Amino acid sequence: MLFIFRFCVFTGLWLLPLSMFGNPAGSFPGEATAGKLYVSQKQIQHEIIHLDGEWEFYWHSFQAPHASQIVPPADGFIRVPGVWNNFKVDDQPLPGQGYATYRLQVKLEDSVSALALRMKTVSTAATLYVNGDKVYQVGNPSSVPFASLPAYAPDVIRLPAKAYTSLDIVLQVSNYHYRKGGLWHSIYLGKEEILRQHRDRILYYDFFLIGSILMIGLYHLVLFFLKKQDISTLYFGLFCLCVVLRILTTNEYALLIIDPSISWITLIRLEYLSFIWGLPAFTAFVRHVFKEEFYSPVFRCSIGTGVVGTLIVLLTSPQFFTHIAIPNQLLILGFSFYGFFVVLKAWRRKKEESGIFLIGFTIFFLTLINDILYSNEIIQTSHYFPDGLLVFIFAQSFLLAIRFSKSFRQAEQLSQQLNTLNNTLERSVYERTASLQEINEDLQHTNEMIAAQNETLTKLNSELDQFVYSVSHDLRAPITSALGLIEVARYEQDPEQVKNYMDLQEKSLLKLDQFIQSVLDYSRNARTPFQFKEVSLGQVVAQAQETYAYLPDFDKIHWEIELDETGVLISDERRMAIVINNLISNSIRYADFRKAKPTIRITFRYRPGQSRLVIQDNGIGIEKNHLPHIFDMFYRANAYAKGSGLGLFIVKETIEKLQGRIRVYSRAKEGTTFIILLPDLRSCPVADFMLV
């Protein structure tokens with residue numbers, strides 16, 4: 001009940017401004033009798049005169065446009081507004097196609113100037129004369145079917161600037177293109193300013209409806225594209241677009257203001273397609289909102305009628321397809337009755353928010369019935385379908401606002417619950433396990449972890465295969481070389497040559513030892529527990545220099561070592577030694593001894609948040625195309641590389657274990673620079689319980 005009260009207030013606030021678009025106060029309907037109408041001075045000065053009532057009617061005759069000429073007796077007096085279908089002339093009902101003349105004499109109480117007439121639409125071509133002056137023509141009325149051109153052109157017609165004491169209004173009409181012919185709308189008489197204000201207010205209201213419904217329709221379409229699970233928003237958006245098209249092609253025909261060049265037949269096709277397409281769209285919307293109450297074959301039937309109606313409108317002439325208006329209106333009434341029954345059933349079942357839907361649908365349904373009866377001249381009211389539709393659309397917008405409000409409240413509640421769970425997770429992990437397993441986010445997180453583990457296992461398997469292959473190859477190569485040298489030395493008699501063979505065997509064994517050491521470094525980095533303590537980089541660098549002092553040309557290298565001792569680096573000393581030993585070994589092995597001063601420069605800058613270690617040389621450098629791969633396992637930049645291809649891979653893996661990063665800059669024949677960024681591990685959670 002609270003929702004219904006809020007909806008009534010919401011609808012009232014929206015519809016209150018619409019009163020400014022209504023008919024002006026004091027409008028006078030007017031009533032002609034036997035082709036004559038008398039208008040007082042007060043009425044003509046301040047009111048809008050509806051020239052309704054009995055007009056003289058001349059069938060299959062275009063009469064002279066001035067009463068001073070001889071005019072034969074009329075065939076009868078026809079009701080305006082209305083159509084000439086079934087009007088009897090000589091006791092014979094008239095068809096919809098043909099031509100005729102309408103005449104009305106208006107007697108004014110006093111002389112009046114600055115008058116105007118307001119014309120809506122005529123079926124389907126007309127010429128208007130006032131006191132013998134041709135003041136308006138729409139299309140081309142003709143007594144010959146092929147010469148008649150249909151058109152719609154609602155407008156306010158300014159009469160010639162002179163004083164009038166009477167008006168002789170003659171309207172010549174022909175219709176060969178529509179099922180109904182004649183003057184089916186009222187003609188209004190009054191001051192030009194008043195008539196224009198009246199038409200402008202109606203146009204403002206039409207454009208207000210067009211803008212409002214268009215925005216709501218596009219909004220629902222956007223909602224569908226953002227959340228395709230709720231297909232009801234798609235059907236409601238399409239229904240709103242059909243309604244917009246309907247308003248554009250009826251009443252004041254606002255589409256002609258937007259595009260005056262549009263043809264009459266295109267306008268009529270769009271008018272009919274708007275309500276043909278609107279029925280299945282609206283039926284689909286109700287079906288998806290009330291799935292349990294809706295009978296699916298009804299929806300399929302609406303789709304079938306829409307397809308058949310569309311084909312008829314597109315493939316036949318207006319003279320034919322306009323006859324489907326009444327059957328289609330009956331279908332709309334039938335489906336609307338069924339929709340009302342569905343919504344009523346949902347309301348009786350106390351389905352959530354069905355009360356507001358029922359109110360909006362009831363208003364919409366009543367205005368639909370009114371417009372169908374009015375368009376078929378059964379009742380004399382006006383068009384109220386757009387107003388009822390607007391109320392119904394506001395009802396859906398109000399329901400949408402309620403759903404969003406509920407969603408926001410639920411989101412806030414879930415957010416608060418999630419914060420509470422996060423704060424108490426360690427204490428209540430066992431009690432909350434069942435609830436946490438139901439949360440989709442945890443399930444998704446678990447899936448992501450499994451995927452990441454699978455990716456890691458795949459990577460490890462690939463690395464293991466490559467590792468086994470390369471290890472077997474690199475272990476066998478020095479052994480095979482040494483065995484070959486032993487075999488050669490066994491038959492050599494020259495002692496000097498034997499000594500040379502032994503030196504070569506020593507190099508092979510040293511290469512084997514270096515490779516085994518790299519494998520051990522790789523294993524230690526992967527399996528050895530962390531031992532964080534204060535690391536003396538100066539001592540680590542010195543030990544590395546001693547380790548590689550045996551290498552050829554070691555004494556030719558110029559060392560530049562600059563280590564910042566202002567702070568204490570907390571890290572794993574073994575892993576730091578692995579990193580520095582491998583980088584120094586590479587710098588020595590690939591030094592360019594053709595240069596005057598082969599140099600290795602080592603600098604360290606301590607920072608509390610992140611320290612920086614740089615190892616730089618002016619050696620042979622690395623080709624640009626090799627740089628992206630130098631940290632891959634067993635990658636060698638060229639066929640003459642002296643190492644195993646494991647060193648830089650181990651360096652990168654080790655630095656990542658220490659939560660650091662490494663970057664490399666190199667140019668061929670100029671040198672290589674490795675920059676290592678190391679975090680302060682004294683604040684690391686792992687370091688807290690492994691610090692020694």
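Remember, it's a predicted structure, so these values are computed and weren't measured experimentally.
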For this session: Apply side chain to side chain contact (heavy atoms under 4.5 Å, CB included) to Arg287 and Val342, showing your working.
Result: CA-CA 9 Å; Arg287 171 177 177 262; Val342 168; over 6 Å; no

Problem set entry | Under 3.5 Å donor-acceptor, Asn85 side chain and Gly181 backbone | yes

Problem set entry | Interatomic distance, Lys120 atom NZ to Trp184 atom CH2 [nearest 0.5 angstrom] | 11.5 Å

For this session: Working to the nearest 0.5 Å, report the span between CD1 of Ile49 and OG of Ser186.
Result: 12.0 Å

Exercise. So, does Asn175 use its side chain to make a donor-acceptor pair with the main chain of Val122 at under 3.5 Å?
Worked result: no

Exercise. Can you find a heavy atom in the side chain of Tyr338 that is under 4.5 Å from one in the side chain of Tyr295?
Worked result: yes

Problem set entry | side chain to side chain contact (heavy atoms under 4.5 Å, CB included) between Tyr188 and His50, worked out | CA-CA 5 Å; Tyr188 305 105; His50 294 203; 3.3 Å; yes

Exercise. Considering only heavy atoms from C-beta outward, does the side chain of Pro72 approach that of Gln63 to under 4.5 Å?
Worked result: yes

For this session: Spell out, as yes or no, whether a donor-acceptor pair under 3.5 Å connects the side chain of Gln137 to the backbone of Gly139.
Result: yes

Exercise. Are any non-hydrogen side-chain atoms of Lys107 and Lys36 less than 4.5 angstrom apart?
Worked result: no

For this session: Would you check, one step at a time, whether the test side chain to side chain contact (heavy atoms under 4.5 Å, CB included) holds for Leu171 with Thr101?
Result: CA-CA 6 Å; Leu171 189 66; Thr101 300; over 6 Å; no

Exercise. When the ring planes of Tyr235 and His288 are compared, do they come out parallel, tilted or perpendicular, using 30° and 60° as the limits?
Worked result: tilted

Exercise. How are the rings of Tyr99 and His60 set to each other: parallel, tilted or perpendicular (split at 30° and 60°)?
Worked result: parallel

Seminar exercise, completed: Between Ile216 and Cys240 the two heavy atoms that sit nearest each other are CG2-SG, 4.4 Å

Problem set entry | Gap between atom CD1 of Ile213 and atom CD1 of Ile247 - 0.5 Å precision | 4.0 Å

Exercise. For the atom pair CG (Leu255) and CG (Asp259), what is the distance rounded to the nearest 0.5 Å?
Worked result: 6.5 Å

For this session: Go through the structure and list residues passing salt bridge (Lys or Arg N to Asp or Glu O under 4.0 Å) with Glu192, not counting sequence neighbours.
Result: Arg158, Arg196

Seminar exercise, completed: All heavy atoms of Thr233 vs all of Leu223, minimum pair found to be OG1-C, 4.3 Å

Problem set entry | Any side-chain heavy-atom pair of Lys345 and Phe290 under 4.5 Å | no

Exercise. What's the verdict on ring pair (Phe, Tyr, Trp, His ring centres under 6.0 Å) for Phe207 and Tyr204, showing C-alpha distance, side-chain angles and the deciding distance?
Worked result: CA-CA 5 Å; Phe207 280 111; Tyr204 293 156; 8.4 Å; no

Problem set entry | Side chains of Phe57 and Leu94 in contact at under 4.5 Å (non-hydrogen atoms) | yes

For this session: Kindly give the heavy-atom pair with the smallest separation between Leu149 and Ala125, and that separation in Å.
Result: O-CB, 3.3 Å

Problem set entry | Within-4.5 Å side-chain heavy-atom neighbours: Pro154 and Leu256 | yes

Exercise. Distance from Leu108 atom CG to Leu189 atom CG, nearest 0.5 Å?
Worked result: 7.0 Å

Exercise. Within the distance-only criterion (no hydrogens, no angle test), does the side chain of Ser212 pair as donor or acceptor with the backbone N or O of Leu209 below 3.5 angstrom?
Worked result: no

Result block: side-chain N/O donor-acceptor pairs under 3.5 angstrom for residues 313-324, not counting sequence neighbours:
from   : atom 1 : to     : atom 2 : distance (Å)
Thr316 : OG1    : Ile312 : O      : 2.4
Thr322 : OG1    : Arg179 : N      : 3.2
Thr322 : OG1    : Pro318 : O      : 2.6
His323 : ND1    : Gln319 : O      : 3.0
His323 : ND1    : Phe320 : O      : 3.4

Seminar exercise, completed: Here the pair of heavy atoms bringing Ala284 nearest to Phe299 is CB-CE1, 3.2 Å

Problem set entry | Qualifying residue for side chain to side chain contact (heavy atoms under 4.5 Å, CB included) with Pro81, from Leu51, Leu183, Ile187, Asp52 | Asp52

Exercise. Minimum heavy-atom separation for Asn140 to Ser174, with atom names?
Worked result: O-OG, 4.2 Å

Exercise. Can Arg79 and Glu31 be counted as an ion pair, charged N to O under 4.0 angstrom?
Worked result: yes

Problem set entry | NE2-CD1 distance between His198 and Ile48, expressed to the nearest 0.5 angstrom | 4.5 Å

Seminar exercise, completed: Shortest non-hydrogen pair, Ala116 vs Val156, comes out as CB-CG1, 4.1 Å

Exercise. So, the side chain of Arg118 versus the backbone of Asp155: is there a donor-acceptor pair under 3.5 Å, distance only?
Worked result: no

For this session: Output yes when a side-chain donor or acceptor of Ser123 lies under 3.5 Å from a complementary backbone atom of Lys180, and no otherwise.
Result: yes

Problem set entry | side chain to side chain contact (heavy atoms under 4.5 Å, CB included) between Cys301 and Phe335, intermediate numbers included | CA-CA 10 Å; Cys301 181; Phe335 282 106; 4.0 Å; yes

Exercise. Phe77 versus Trp55: any side-chain heavy-atom pair under 4.5 Å?
Worked result: no

Problem set entry | CG (Asp90) with more than 12 external heavy atoms under 6.0 Å | no

For this session: Evaluate the ring planes of Phe392 and Phe285, with Trp represented by its six-membered ring, and classify them as parallel (under 30°), tilted (30 to 60°) or perpendicular (over 60°).
Result: perpendicular

For this session: Check for a donor-acceptor pair, side chain of Glu54 on one end and backbone N or O of Thr33 on the other, with a separation under 3.5 Å.
Result: no

Exercise. If you draw a 6.0 Å radius around NZ in Lys227, do more than 12 non-hydrogen atoms from other residues or ligands fall strictly inside?
Worked result: no

Exercise. Can you find a pair of side-chain heavy atoms, one from Tyr164 and one from Val106, that are under 4.5 Å apart?
Worked result: no

Exercise. More than 12 non-hydrogen atoms from neighbouring residues, nucleotides or ligands closer than 6.0 Å to CD on Gln41, yes or no?
Worked result: yes

For this session: Examine distances only and state if a side-chain atom of Asp75 and a backbone atom of Val89 form a donor-acceptor pair shorter than 3.5 Å.
Result: no

